[in-house]
*Asks:* 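One structure follows; several queries about it will come next.
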Amino acid sequence: MDTHESTFPLIISVDDHTVEPATVWQDRLPEKYRGAGPRIVRAPVKEMTFLGGRFKPVMGGPGDDGPVGDWWVYEELRRPLTRLDTAVGYDRDEIRLEVITYEQMRPGSYDVTARLADMDVNHVQSALCFPTFPRFCGQTFTEAKDHDLGLLCVRAYNDWMVEEWCGPDARGRLIPLTLIPLWDAELAAAEVRRNAARGVRAVAFSEIPPYLGLPSVHTDDWDPFLAACDETGTVVAMHIGSSSRMPSTSADAPPAVGSTITYANCCFSMVDWLMSGKFEQFPNLKVMYAEGQIGWIPYILERADVVWEENRGWGGVADKVHRPPSELFAEHVYGCFFDDAFGLRNLDSIGVGNVLYETDYPHSDSTWPKSREVGEAQMGHLEPDVVERIVRGNAIELLGLTDEGLWPGGGGAR
């Protein structure tokens with residue numbers, strides 16, 4: 001672990017990412033499904049664009065020209081590994097939308113031992129990791145034609161996450177985040193309970209399910225899943241982009257437009273939840289917004305309270321939202337940030353207990369290897385006990401970690 005003289009607390013990052021090793025599904029699916037399950041193929045890229053918030057890669061065939069990379073192949077899906085998946089260690093100007101192979105990645109992207117070493121360099125003690133190939137809430141398997149196979153893929157991923165990525169080699173420093181079969185709320189509830197029984201306290205979900213062709217949180221369709229989360233203390237973790245639609249303004253808007261307004265989906269989603277009545281229906285439910293930053297939250301809470309107070313009669317929420325949205329936020333919602341000086345200057349309007357820290361390793365936005373330095377610069381005006389809560393204390397409480405900040409189900413916490 002880093003021995004820097006700084007008194008800045010050891011970081012618990014609630015938003016990092018894992019790049020799944022090539023054999024995750026081939027090792028765990030029943031033999032008859034392995035030919036149809038996710039697998040890696042090395043091939044050239046024929047075309048690849050990222051405009052208007054849409055990523056469109058086209059895989060080339062044998063003998064085609066073009067840069068060669070590793071591709072996930074699953075049903076009709078062809079999804080390449082890209083430099084944006086694992087950009088840490090590269091100069092910002094060298095990070096481009098390009099295909100890569102596993103050999104061209106930083107090993108900490110997919111290897112537990114190497115990940116822990118990179119966490120040491122970055123003053124990070126523990127980390128919760130979102131997926132890459134399944135996408136941020138497992139929508140890859142939801143969009144697949146064969147949902148029987150999709151369910152096996154979800155369970156295989158969760159077994160790998162718990163038993164290997166967060167297994168004994170991680171020494172309690174990697175915190176499991178599991179997936180659900182989004183197409184069936186009853187199956188989702190069963191998967192939440194299966195994983196909660198082995199110590200998992202976080203599950204990925206979509207920020208805006210209707211963008212995936214799924215019911216909204218205003219319906220009762222998700223109630224079996226939400227009841228399972230409520231009963232087991234499982235946090236609903238929503239990452240920007242988990243609706244498969246990043247904010248943008250036009251089909252030809254460059255990625256910089258979407259990158260600037262990535263928080264917008266979190267903003268829309270949070271208003272959905274605050275006006276849904278679900279926090280009163282499920283009083284133990286907690287939700288968190290990974291990589292959404294926090295500076296936008298104060299105004300939304302102010303506006304939501306005004307709408308609830310003045311317009312709830314015709315606004316369709318009088319019969320299900322019986323308390324000001326800002327009160328519901330304080331009890332149920334967590335904002336996550338890695339670089340938000342403005343939000344930290346307005347912390348009193350957000351709530352010290354509603355903020356979590358993250359490093360976004362190994363993505364292009366990551367503050368690695370200077371997450372401590374960024375935190376020190378942006379939190380220098382805060383009292384040490386407040387910094388402690390933001391950087392690790394809130395995460396320990398929310399995710400059921402030990403007092404030392406480790407996952408109790410990991411090898412190092414026994």
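Residue numbers start at 1 and run along the sequence shown. Predicted, not measured: the structure shown is a model, and the values here were computed from it.
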*Asks:* Do the side chains of L174 and M161 get nearer than 4.5 Å, heavy atoms only?
*Replies:* no

*Asks:* Using a 4.5 Å cut-off on heavy atoms from C-beta on, say whether the side chain of V14 contacts that of Y334.
*Replies:* no

*Asks:* Could you tell me the separation between the CD1 atom of I294 and the CD1 atom of I350, rounded to the nearest 0.5 Å?
*Replies:* 4.0 Å

*Asks:* Which class fits the ring pair H123 and F8: parallel under 30°, tilted 30 to 60°, perpendicular over 60°?
*Replies:* tilted

*Asks:* Tell me the closest heavy-atom pair linking M48 and L97, and the distance in Å.
*Replies:* CE-O, 3.7 Å

*Asks:* As a test of understanding, state which of F282, Y289, F268, F279 forms a ring pair (Phe, Tyr, Trp, His ring centres under 6.0 Å) with W273.
*Replies:* F279

*Asks:* Going from CG on L285 to CG on L226, what distance comes out if it is rounded to the nearest 0.5 angstrom?
*Replies:* 5.5 Å

*Asks:* Which of parallel (below 30°), tilted (30 to 60°) and perpendicular (above 60°) describes W222 and F225?
*Replies:* perpendicular

*Asks:* For R201 and L401, what are the C-alpha separation, side-chain angles and deciding distance, and is it a side-chain contact (heavy atoms from CB on, under 4.5 Å)?
*Replies:* CA-CA 9 Å; R201 291 294 176 267; L401 307 182; over 6 Å; no

*Asks:* Is there a side-chain contact between E191 and T178, using heavy atoms and a 4.5 Å cut-off?
*Replies:* no

*Asks:* On a heavy-atom basis, which atom in R42 and which in Y102 lie closest, and how many Å separate them?
*Replies:* NH2-N, 4.4 Å

*Asks:* Write down the atom of W368, the atom of V88, and the distance for their closest heavy-atom approach.
*Replies:* CE3-CB, 3.6 Å

*Asks:* Going by heavy atoms in the side chains, are T140 and R79 under 4.5 Å from each other?
*Replies:* no

*Asks:* If we ignore hydrogens and angles and just use 3.5 Å, is the side chain of E164 paired with the main-chain N or O of V24 as donor and acceptor?
*Replies:* no

*Asks:* Do NZ/NE/NH1/NH2 and the carboxylate oxygens of E143 and R135 come within less than 4.0 Å?
*Replies:* yes

*Asks:* With a 3.5 Å distance limit and no angle check, can you tell me whether N346 reaches the backbone of S349 through a side-chain donor-acceptor pair?
*Replies:* no

*Asks:* Is any side-chain heavy atom of C129 closer than 4.5 Å to one of H17?
*Replies:* no

*Asks:* Given 3.5 Å as the limit, does a donor-acceptor pair link the side chain of S250 with the main chain of A253, or not?
*Replies:* yes

*Asks:* Using only heavy-atom distances, determine whether the side chains of H218 and D220 contain a donor-acceptor pair under 3.5 Å.
*Replies:* no

*Asks:* Rounded to the nearest 0.5 Å, what separates atom CG in D403 from atom CD in E397?
*Replies:* 11.5 Å

*Asks:* Quick check for you: to the nearest 0.5 Å, what is the distance between S326 atom OG and I297 atom CD1?
*Replies:* 12.5 Å

*Asks:* Determine whether a donor-acceptor pair (N or O, by modelled atom type, separation under 3.5 Å) exists between the side chain of D159 and the backbone of A156.
*Replies:* no

*Asks:* Please report the C-alpha distance between M288 and N394 in whole Å, then the side-chain angles of each, then the deciding distance to 0.1 Å, and finally whether the side-chain contact (heavy atoms from CB on, under 4.5 Å) criterion is met.
*Replies:* CA-CA 12 Å; M288 56 169 269; N394 291 337; over 6 Å; no

*Asks:* Between CG of N284 and NE2 of H332, what distance do you get to the nearest 0.5 Å?
*Replies:* 8.5 Å

*Asks:* Should L301 and M270 count as side-chain neighbours, where that means a heavy-atom distance under 4.5 Å?
*Replies:* yes

*Asks:* Output yes when R83 and E94 qualify as a salt bridge under the 4.0 Å nitrogen-oxygen rule, no when they do not.
*Replies:* no

*Asks:* Does this structure show an ion pair linking D230 with K278, if we count only N-O contacts that are shorter than 4.0 Å?
*Replies:* no

*Asks:* Testing the basics here: between L128 and A202, what is the closest heavy-atom pair and its distance to 0.1 Å?
*Replies:* CD1-CB, 4.1 Å

*Asks:* State whether the side chain of S242 and the backbone N or O of E207 hold a donor-acceptor pair below 3.5 Å, judged by distance alone.
*Replies:* yes

*Asks:* T232 side chain to A228 main-chain N or O, any donor-acceptor pair under 3.5 Å?
*Replies:* yes

*Asks:* With a 4.0 Å cut-off on N to O distance, would you call R193 and E231 a salt bridge?
*Replies:* yes

*Asks:* Please determine which of D16, T86, D118 meets the side-chain hydrogen bond (donor to acceptor under 3.5 Å, both in side chains) test together with Y361.
*Replies:* D118

*Asks:* Run the side-chain contact (heavy atoms from CB on, under 4.5 Å) test on N158 and L179 for me, step by step, so that the C-alpha distance in whole Å, both residues' side-chain angles and the decisive distance to 0.1 Å come before the verdict.
*Replies:* CA-CA 7 Å; N158 291 341; L179 304 176; 3.8 Å; yes

*Asks:* Near Q104 CD, under 6.0 Å, is it more than 12 heavy atoms from other residues, nucleotides or ligands?
*Replies:* yes

*Asks:* Keeping S366 on the side-chain end and T359 on the backbone end, is there a donor-acceptor pair under 3.5 Å?
*Replies:* yes

*Asks:* Treating R392 as the side-chain partner and E404 as the backbone partner, does any N or O pair qualify as donor plus acceptor under 3.5 Å?
*Replies:* yes

*Asks:* Checking F337 against Y357 for the ring pair (Phe, Tyr, Trp, His ring centres under 6.0 Å) test, could you report, in this order, the C-alpha distance in whole Å, the side-chain angles of both residues, the deciding distance, and whether it holds?
*Replies:* CA-CA 5 Å; F337 78 100; Y357 200 44; 5.1 Å; yes

*Asks:* Kindly indicate whether the side chain of Y263, heavy atoms from C-beta on, has any atom under 4.5 Å from the side chain of I240.
*Replies:* no

*Asks:* Is a salt bridge present between R173 and D120, judged by a nitrogen-to-oxygen distance below 4.0 Å?
*Replies:* yes

*Asks:* State, to 0.1 Å, how close L10 and V391 come at their nearest heavy-atom pair, and which atoms those are.
*Replies:* O-CG1, 3.8 Å

*Asks:* Can you tell me how far apart SG (C137) and NE2 (H239) are? Round to the nearest 0.5 Å.
*Replies:* 11.0 Å

*Asks:* Dump the intermediate steps for side-chain contact (heavy atoms from CB on, under 4.5 Å) on W72 and L77, then the final yes or no.
*Replies:* CA-CA 8 Å; W72 283 105; L77 179 63; over 6 Å; no

*Asks:* Minimum heavy-atom separation for S109 to R115, with atom names?
*Replies:* O-NH2, 3.5 Å

*Asks:* Donor-acceptor pair, distance only, cut-off 3.5 Å: does the side chain of D15 make one with the backbone of A290?
*Replies:* no

*Asks:* Using a 6.0 Å cut-off, check whether atom NZ of K46 has over 12 heavy atoms from anything other than its own residue.
*Replies:* no

*Asks:* So with a 6.0 Å cut-off around CG of D319, is the heavy-atom count from everything else above 12?
*Replies:* yes

*Asks:* Please confirm whether the backbone N or O of H363 pairs with a side-chain atom of D360, one donor and one acceptor, at under 3.5 Å?
*Replies:* no

*Asks:* State, without any angle test, whether Q378 and D339 hold a side-chain donor-acceptor pair at a distance under 3.5 Å.
*Replies:* yes

*Asks:* Ring pair (Phe, Tyr, Trp, His ring centres under 6.0 Å) for F141 and Y74? Distances and angles first, verdict last.
*Replies:* CA-CA 9 Å; F141 303 123; Y74 173 52; 5.6 Å; yes

*Asks:* Could you tell me whether the side chain of R28 reaches within less than 4.5 Å of the side chain of L152, counting heavy atoms only?
*Replies:* no

*Asks:* In this structure, which one of W71, Y110, W25, Y157 forms a ring pair (Phe, Tyr, Trp, His ring centres under 6.0 Å) with F133?
*Replies:* W25

